[in-house]
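First comes the structure, then the notes that go with it.
Residues take their numbers from the sequence shown, with the count starting at 1. Quick caveat: nothing in here was measured; it's all calculated off a predicted structure.
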Amino acid sequence: MAKLVINQSKVGNIQEVISICPFGAMEEKNGELQINAACKMCKLCVKKGPAGAIEYVEEVKEAIDKEKWKGIAVYVDHIDGVIHPVTYELIGKARELAEKIHHPVYAIMMGSNISKECHELLHYNVDKVFVYDQKQLARFIMEPYTAVFEDFVNRIKPTAVLMGATPVGRQLAPRLAARLKTGLTADCTILDINENTDLVQIRPAFGGNIMAQILTPNHRPQMATVRYKVMDAPKRNTQSSGEIVECKINTEKLNSKVDVLDIIAKEKEQFIEASEVLVVVGRGVKKEEDLVLIQELADLLGGQLACTRPVMEAGWLEAKRQVGLSGRTVRPKLIITCGVSGSVQFTAGMNNSEQIVAINKDENAPIFKTAHYGLVGDLYEIIPELINQIKINKGIA
């Protein structure tokens with residue numbers, strides 16, 4: 001880390017120094033020069049400002065002893081003991097990474113009355129499950145959950161922590177990373193690890209135009225969140241292995257400024273991530289009324305209707321039906337794209353589907369590079385014929 005140090009006695013005319021910064025990152029407060037959050041560390045003020053007025057100081061951090069940090073830890077995301085499937089996907093990836101560096105795989109589960117559920121994790125090749133079973137942890141509340149996680153990290157010192165990019169994970173991960181003063185990479189699509197235990201975190205960046213490879217070489221633990229359906233879940237073993245480690249934390253650390261007064265169960269709905277068949281509409285669909293045609297195809301196939309970002313932004317379908325980096329990551333058995341060009345942002349959210357069928361009249365559309373089967377032509381001619389053939393095969397024509 002680096003910082004700018006201001007020697008107020010050498011600043012002189014404050015307004016002249018402020019005018020040097022093209023980002024508006026300097027301001028006058030109580031007669032003194034201050035640097036605000038807009039600073040880009042370009043060091044222009046150091047070079048063009050009065051001599052010695054502003055200094056660029058590089059902080060030298062003591063090298064971390066990586067030998068003291070062992071194991072890949074996975075956060076067990078659950079509601080009332082019902083474990084989110086992303087947890088199993090991360091356990092599978094954690095085992096793969098751990099075998100490369102000969103480290104154990106840990107799971108951390110916190111809640112109330114979860115002894116039965118935590119034993120289920122032993123069927124997935126976890127070495128140890130650390131369980132914090134206390135009544136104050138019955139529901140997710142930020143402060144106590146962060147305190148428990150911090151206690152686990154300080155006790156066990158895992159070299160890496162993997163969390164699902166769920167509503168809970170997206171809140172808990174950054175809070176924990178800030179508490180531990182370590183790095184966090186969100187929405188990773190690929191994870192690998194080097195021999196020196198540095199976690200290689202890869203994710204799309206700059207709107208999906210590049211794949212950024214991120215390392216956290218000087219801090220531990222290394223933290224990453226991963227979306228559901230990105231990794232492969234391991235098969236459940238018939239026999240259990242590993243051990244349960246019961247942990248406790250001082251109840252004073254579980255205090256919160258938030259009181260849960262009531263919990264209203266949300267009506268259950270089927271999300272596109274869980275659908276085995278998806279029919280996706282893109283810009284090639286001319287008007288909103290034409291979605292009826294696409295919906296008929298989805299219904300005949302027992303699937304759901306999904307969309308690309310432009311369709312969602314047009315207000316034709318809800319945001320929860322959007323596929324892509326800024327939407328949902330899906331992995332159905334069959335996905336049919338209708339009038340979808342196939343941007344990097346979209347394909348990154350569905351390219352692990354078992355069978356991809358693309359319908360587009362532009363034979364040069366990028367989607368055909370991803371699709372297993374491509375139909376070049378007008379979707380308004382192809383889809384009615386598909387519907388007709390499906391009805392014939394089902395005997396309902």
Side-chain angles (χ1 to χ4, degrees), residues 66-135 137-138 140 144-166 168-169 172-173 176 180 188 191-195 197-199 220-226 228-249:
K66 297 177 183 179
E67 290 298 319
K68 293 181 178 179
W69 297 80
K70 299 284 185 181
I72 311 291
V74 174
Y75 170 69
V76 181
D77 201 313
H78 71 97
I79 298 177
D80 295 334
V82 179
I83 298 174
H84 195 291
V86 74
T87 300
Y88 299 117
E89 295 179 1
L90 293 178
I91 288 173
K93 174 54 69 171
R95 174 54 61 191
E96 179 187 321
L97 298 174
E99 288 178 352
K100 288 187 174 184
I101 55 175
H102 310 292
H103 278 212
V105 173
Y106 302 137
I108 170 176
M109 188 172 187
M110 55 190 87
S112 180
N113 298 318
I114 53 173
S115 58
K116 178 182 177 181
E117 290 77 7
C118 66
H119 279 84
E120 173 63 20
L121 296 164
L122 298 180
H123 291 275
Y124 290 88
N125 205 15
V126 175
D127 293 296
K128 291 183 181 181
V129 181
F130 294 86
V131 182
Y132 290 79
D133 193 337
Q134 295 177 242
K135 63 179 182 179
L137 301 171
F140 171 70
Y145 268 57
T146 305
V148 168
F149 219 139
E150 183 183 20
D151 179 76
F152 164 76
V153 171
N154 290 335
R155 284 192 196 189
I156 309 304
K157 294 190 179 300
T159 190
V161 174
L162 308 182
M163 302 177 69
T166 62
V168 169
L172 184 56
L176 178 64
L180 299 173
C188 295
L191 292 175
D192 200 354
I193 200 160
N194 296 328
E195 290 184 5
T197 73
D198 283 352
L199 185 66
R220 290 294 186 270
Q222 304 157 96
M223 294 183 60
T225 63
V226 180
Y228 177 40
K229 292 282 187 179
V230 170
M231 306 294 180
D232 292 320
K235 291 183 179 180
R236 184 183 186 275
N237 298 321
T238 305
Q239 299 295 323
S240 63
S241 62
E243 64 175 299
I244 302 293
V245 180
E246 296 183 0
C247 305
K248 290 288 182 183
I249 185 173

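- In terms of modelled atom types and a separation under 3.5 Å, the side chain of E246 and the main chain of F130 share no donor-acceptor contact.
- Within the 3.5 Å criterion, the main-chain N or O of A147 finds no donor-acceptor partner in the side chain of D151.
- In this structure, the separation between CD1 on I91 and CG on N125 is 9.5 Å, given to the nearest 0.5 Å.
- We find that E89 and K229 are not joined by a salt bridge, their nearest charged nitrogen and carboxylate oxygen being 4.0 Å or further apart.
- S115 and D133 get closest at one heavy-atom pair: N-OD2, 3.8 Å.
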Original post:
Yes or no on side chain to side chain contact (heavy atoms under 4.5 Å, CB included) for L172 and T146, after CA distance, side-chain angles and deciding distance?
Top reply: CA-CA 7 Å; L172 184 56; T146 305; 3.6 Å; yes
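- By the 4.5 Å heavy-atom criterion applied to side chains, K235 and Y88 are not counted as neighbours.
- Here the side chain of H78 pairs a donor or acceptor atom with the backbone of M110 at under 3.5 angstrom.
- Checking side-chain atoms of D77 against main-chain N and O of G164 turns up no donor-acceptor pair under 3.5 Å.
- Between the side chain of T159 and the backbone N or O of G71 there is no donor-acceptor pair closer than 3.5 Å.
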Original post:
F140 and I79: side chain to side chain contact (heavy atoms under 4.5 Å, CB included), yes or no, with the steps?
Top reply: CA-CA 9 Å; F140 171 70; I79 298 177; over 6 Å; no
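- Each of V86, V105, L191, T225 was compared with L162 under the side chain to side chain contact (heavy atoms under 4.5 Å, CB included) criterion, and only L191 meets it.
- Using a 4.5 Å heavy-atom cutoff, the side chains of K70 and K157 are not in contact.
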**OP:** Would you check, one step at a time, whether the test side chain to side chain contact (heavy atoms under 4.5 Å, CB included) holds for F149 with V161?
**Re:** CA-CA 10 Å; F149 219 139; V161 174; 3.7 Å; yes
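- Side-chain contact check for L176 versus M223: some heavy-atom pair is nearer than 4.5 Å.
- Between the side chain of Y145 and the backbone N or O of L137, at least one donor-acceptor pair lies under 3.5 Å.
- By the salt bridge (Lys or Arg N to Asp or Glu O under 4.0 Å) test, E96 pairs with K93, sequence neighbours left out.
- Here the closest non-hydrogen pair linking P221 and P158 is CB-O, 3.2 Å.
- Side chain of Q134 to main chain of K248: no donor-acceptor pair is present (N/O by atom type, distance under 3.5 Å, no hydrogens or angles).
- Between V74 and A94, the shortest heavy-atom contact is CG2-CB, 3.7 Å.
- In this structure the side chain of V76 reaches within 4.5 angstrom of the side chain of L121, judged on heavy atoms.
- Residues Y132 and I108 meet the side-chain proximity criterion, which asks for heavy atoms closer than 4.5 Å.
- The main-chain N or O of L199 is found under 3.5 Å from a side-chain atom of Q222 such that the two form a donor-acceptor pair.
- Separation of atoms CE (M109) and SG (C118) is listed at 6.5 Å; rounding is to 0.5 Å.
- Y228 places a side-chain heavy atom less than 4.5 Å from the side chain of P85.
- Here the closest heavy-atom approach between residue N113 and residue E117 is recorded as O-OE1, 3.7 Å.
- The CG atom of L122 sits 10.5 Å away from atom CG of N237, with the distance rounded to the nearest 0.5 Å.
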Original post:
Could you go step by step and tell me if L90 and V226 meet the side chain to side chain contact (heavy atoms under 4.5 Å, CB included) rule?
Top reply: CA-CA 8 Å; L90 293 178; V226 180; 3.7 Å; yes
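- With R220 contributing its side chain and K66 its backbone, the two residues share no donor-acceptor pair below 3.5 Å.
- The shortest distance between side-chain heavy atoms of H103 and I101 falls below 4.5 Å.
- Partners of P104 according to the side-chain contact (heavy atoms from CB on, under 4.5 Å) rule, which considers only residues two or more places apart in sequence or in another chain, are Y106, D127.
- Looking at heavy atoms from C-beta onward, E67 lies out of side-chain contact with T197 at the 4.5 angstrom threshold.
- Taking OG1 of T87 as the reference point, atom CE of M163 lies at 9.5 Å (rounded to 0.5 Å).
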Original post:
When you look at K100 and E195, which way does the salt bridge (charged side-chain N to carboxylate O under 4.0 Å, His left out) test go after all the steps?
Top reply: CA-CA 7 Å; K100 288 187 174 184; E195 290 184 5; over 6 Å; no
